[in-house]
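Being a predicted model, the structure only gives us computed values, none of them experimental.
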Amino acid sequence: MSGIVRIPHDTRGSTPEAVASERLVSGTPLQAVANAYSDAGNAFHCGVWEGDVGAWRVSYSEHEFCHLLSGRLRLRDDDGSETELAAGDSFVVPAGFEGVWEVLEPARKLYAVYEPRA
């Protein structure tokens, strides 16, 4: 092990970016990501993310663990099921999830992503 990596709880130093127009469902949300760690094989990543109110389409090839630090979200699967999440909630978005990620109140999360290699 090469040492402990602390994960910040803010995105200072990162530049907020707009959601790609082809994925946008509603609003004009900006997102900021501060990736704090990636493994040597580039399959595992973790850090902090922030997003503004709005909704956009997502399609996950990776598994993502999230812990919501602030705000509220709604995840709507293409099968019609919805999950609302609030500050303090922890959850996993499994690879293969397709649907809409909606930020109901400005949100910040810690994330850990694993992208399986073929």
[X] side-chain N/O to [Y] backbone N/O, donor-acceptor pair under 3.5 Å:
X: Asp89; Y: Leu68; result: no
X: Arg23; Y: Arg57; result: yes
X: Asp77; Y: Ser81; result: no

Point to revise | From OH (Tyr114) to CD (Glu62), nearest 0.5 Å | key: 12.0 Å
**Study point:** CZ-OG distance between Phe44 and Ser38, expressed to the nearest 0.5 angstrom
**Key:** 9.0 Å
Would you check if [X] and [Y] make a side-chain contact, meaning some heavy-atom pair closer than 4.5 Å?
X: Val58; Y: Phe97; answer: yes
X: Gln31; Y: Glu50; answer: no
X: Leu104; Y: Leu73; answer: no
X: Trp101; Y: Val93; answer: yes
X: His63; Y: Pro116; answer: yes
X: Ser90; Y: Phe65; answer: yes
X: His45; Y: Tyr37; answer: no
X: Leu69; Y: His9; answer: yes

Practice item. Determine the sole option in Pro106, Pro29, Ser26 for which the side chain to side chain contact (heavy atoms under 4.5 Å, CB included) test with Val53 is passed. Key: Pro106
Check your understanding: Would you call Glu64 and Lys109 a salt bridge, using N to O less than 4.0 angstrom?
Key -> yes
Exercise for review: Quick one: do Leu75 and Leu85 satisfy side-chain contact (heavy atoms from CB on, under 4.5 Å)? Show the steps, please.
Suggested key: CA-CA 8 Å; Leu75 298 178; Leu85 302 146; 4.1 Å; yes
Check your understanding: If every non-hydrogen atom of Glu98 is compared with every non-hydrogen atom of Ser59, which pair is closest and at what distance?
Key -> OE2-OG, 3.2 Å
